[in-house]
Amino acid sequence: MSVLTAPLPVSVSLPEKQVNRVRLDYRHDRLLQLVDECTDISQLKQIHARALRTTSSHDARGLFIQSRILHAWSLVDAEYTHRLFGQVTEPNVFMWNTLIRSFALSRDLKEEAISVFGTMLEEGKVEPDKHTFPFVLKACAYLFALEEGKQLHAMTFKLGFDRDIYVNNSLIHFYASCGLLKNARDVFERMSSRSVVSWNAMIGALVEHGEFDNSLQLFREMQESSKPDGYTLQSVLNACAGLGSLSLGMWTHLYILKNFEADVNDDVLVNSSLVEMYCKSGSLELAEKVFRRMPRHSVHSWNSMILGFAMHGQAEATMKYFSDMTTEGGLVPNSVTFVGVLSACNHRGMVDEGRKYFDMMIKDYKIDPQIEHYGCLVDLLARAGLIEEALDLVSNMSMKPDKIIWRCLLDACSKKNAGIELSMDMAVQILEFGGEECSGVYVLLSRVYASAQQWNEVGLIRNLMMERGIAKEPGCSSMEINGVSHEFFAGDTSHPQTNSIYQTLYEIDEKLDAAGYLPDVSQAPMVEDEACDDKRNTLRLHSERLAIAFGLLNRKNGVPIRVFKNLRVCNDCHQVTKLVSRLYNMEIIVRDRTRFHHFKDGLCSCDDYW
DNA sequence: TTAGGGTTAG
């Protein structure tokens, strides 16, 4: 039945005057009910038309109904909401808030949310209320509009909303999104009462900024006052994944199983986080177990498996999951799926497959490649020595290359001896971006010169770095033994077992020498003018090697050595780790920021990546 | 009388 033909019953027992009033009220209530129940735009249009005929914005009740209709439109179309708003002579605060929210939630009109708020203040007819702030702050968080957000914060004090829990939660999110973790924490600490969302916003912010230990500490504190929910668990699992700590991750899994009902235990996002945590902590078996036990799968959960296997260089399994997702799962892959598949190809140097999936994504699935997809393919081609083809691809991209892409190219140039001129071009492109990557660029450039035996230039770059105060990022590796994390920096002597570690390092070297190992001194170019043995010493003291020596000291039969390395794996370390896996008959698993490298019997699962 | 806060993976 059409909403316009719904019967309106009439009371016959009341006097004429009263009947009219009752009928009018009834129409209002009926309209409100219809707005609530409205499920599509054509219904909304009919209700709107009826409201225009039967209500007036000059009386409070009419304005109320129009507010609700404006609100209904605000969920559909921000620009149309703006037009409707323009026709209201005296919009109330609810209507202003509705318009601001509509812009804040829109795809690309978020700036309008802030500007409408400005107009609201300028006109001065209506004062913002406690609902206004979360909407504007959301837009500020998205746009990184730091100054505007800070002004809003000041205004909350002036208007007395500084104790409102919603406003404060929005402020935490806003500050964290702008990178001001300290301000976010200040807001959080000053809150007199907190909801589960407050805790989640703060824990999530810490995880987002890589402060995994602190986020877990806050999670512990949270349990004294609030019951965690699915959002909390996702953040906590992300923190475990970030730390790469399998024992902590397993503890969290057990905690979830023991403390939550099916609504959380069967939640597809919580389970996807579990899958990701297990993949990132090195246990693909447990990840698969969780995945198989999930009551239902989404594109997200399939992607977690695809990305997880890709991360481990298990390209065949990645592709099997890709194919099962479409057949068994009946789902359509999205752009993230293809990041997974392409990065598996990249990890294993599968050039033809990489090209095939890239084309499939565009032609069969009509997905426009994003910078990440180009990044995978460019890296794959460049590492395979197809630098011309990689450059062609870059020049045909619909967007400007980012510094990650230039960095991949420079990396490949430095390994494939692609020529000093070309490498310099790349370096200039990266340095134009500025930021933290600079030290890496200088190091790569010095490697280019080192492999060309141009030691003078290597020295010049080193001096340039010193003049410009650019410090080489220190390498750092960590390793977990019996649930305790041990951290090593390059040349570190602070570990309590340092003596034994160094003794083991020299034992390893003896074995390496006997096996004919030749150190790749171009990987230690910053000591180019010192004796060759010092270069070798620099290589020997790389954090990955310290961690592996420590792992060998504490090894257990049948248990692989697991190293978590923060920086890119150095090529010399890669060769050494391979040899150590053969000489000591040990399986070694090294995780860097984005990938796992499995070493066994002198081979690495992703040798083609190098 | 209306409504508001925290996430989507790479």
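These values consider heavy atoms only, across backbone and side chains, with no hydrogens, waters or symmetry-generated copies. Source: prediction; values computed, not measured. Letters A, B, ... are given to chains in the order of the sequence lines, protein chains preceding strands, and every chain is numbered from 1.
Listed candidates were dT7(B), dA9(B), dG10(B). Nearest to the side chain of Lys280(A) is dG10(B). Comparing dT1(B), dG5(B), dA9(B) against the side chain of Ser195(A) picks out dG5(B) as the nearest. Taking every side-chain heavy atom of Asp129(A) into account, dA3(B) is the closest of dT7(B), dG10(B), dA3(B). With dG4(B), dT7(B), dG5(B) as the choices, the nucleotide that has an atom nearest any side-chain atom of Phe135(A) turns out to be dG4(B). Considering only the side chain of His300(A), dA9(B) comes nearest among dG10(B), dT7(B), dA9(B). Between dG10(B), dG5(B), dT1(B), one nucleotide has an atom nearer to the side chain of Arg61(A) than all others, and that is dT1(B). Taking only side-chain atoms of Val336(A), from C-beta outward, the nucleotide of dT7(B), dG4(B), dG10(B) with the closest atom is dG10(B).
Summarising the geometry, atom NE2 belonging to His312(A) is positioned 10.0 Å from atom OG1 belonging to Thr318(A); distances are rounded to the nearest 0.5 Å.
When heavy atoms are screened at a 4.0 angstrom cut-off, Ser67(A) is found touching base atoms of the nucleic acid. Nucleic acid contact class of Ser343(A) (heavy atoms, under 4.0 Å, all strands): none. Here His173(A) lies in heavy-atom contact (under 4.0 Å) with sugar-phosphate atoms only. At a threshold of 4.0 angstrom between heavy atoms, the contacts of Asp36(A) with the nucleic acid are absent. Nucleic acid contact for Glu208(A): none, since no nucleic acid atom lies under 4.0 Å from a heavy atom of the residue.
You won't find any donor-acceptor pair under 3.5 Å spanning the side chain of Thr594(A) and the base of dG10(B), going by distance alone. The base of dG5(B) does not come close enough to the side chain of Asn168(A) for any donor and acceptor atom to sit less than 3.5 Å apart. No N or O donor and acceptor, one from the side chain of His71(A) and one from the base of dT2(B), sit under 3.5 Å apart.
Among residues two or more places apart in sequence or in another chain, the side-chain hydrogen bond (donor to acceptor under 3.5 Å, both in side chains) test is passed with Ser67(A) by Asn92(A).
Pairs passing the ring pair (Phe, Tyr, Trp, His ring centres under 6.0 Å) check and including a residue from residues 200-239 of chain A, sequence neighbours excluded, read Phe219(A)-Tyr255(A).
Regarding contacts with the backbone of dA3(B), every side-chain N or O of Arg101(A) stays at 4.0 angstrom or more from both OP1 and OP2. Note on Lys138(A): every side-chain N or O is 4.0 Å or more away from OP1 and OP2 of dT7(B).
When the P atom of dG4(B) is taken as reference, atom CZ of Arg163(A) falls 24 Å away, rounded to whole Å. We find that CH2 of Trp302(A) is positioned 24 Å from P of dT8(B), with the value rounded to whole Å. Distance CZ (Phe161(A)) to C1' (dA3(B)): 14 Å, rounded to an integer number of Å. One can place CG of Leu99(A) at 18 Å from P of dA3(B), the figure rounded to the nearest angstrom. Between the CD1 atom of Ile100(A) and the C1' atom of dG4(B) there is a distance of 12 Å, given to the nearest Å. For the pair Asp164(A) CG and dA3(B) P, the interatomic distance rounds to 15 Å; values are reported in whole Å. One atom, CG of Leu137(A), and another, P of dG5(B), lie 11 Å apart when rounded to the nearest Å. Rounding to whole angstrom units, CZ of residue Phe103(A) and C1' of dG4(B) are separated by 19 Å.
Using a 4.5 Å heavy-atom threshold, the side chains of Glu111(A) and Phe103(A) count as separate.
A stacked arrangement is assigned to Phe94(A) and the six-membered base ring of dT2(B), with a centre-to-centre distance below 5.5 Å and an interplanar angle below 30°. In this structure, His131(A) does not pack face-to-face on the six-membered ring of dG4(B), missing the 5.5 Å centre cutoff or the 30° plane limit. For Phe64(A) and dT1(B), the ring-to-base geometry satisfies the stacking test (centroid distance below 5.5 Å, interplanar angle below 30°).
More than 12 non-hydrogen atoms from other residues, nucleotides or ligands lie less than 6.0 angstrom from NZ of Lys227(A).
Note on ring orientation: taking the six-membered ring where Trp is involved, the planes of His71(A) and Phe94(A) are tilted (angle from 30° to 60°).
For the residue pair Phe161(A) and Lys130(A), the shortest heavy atom distance occurs at CZ-N, 3.5 Å.
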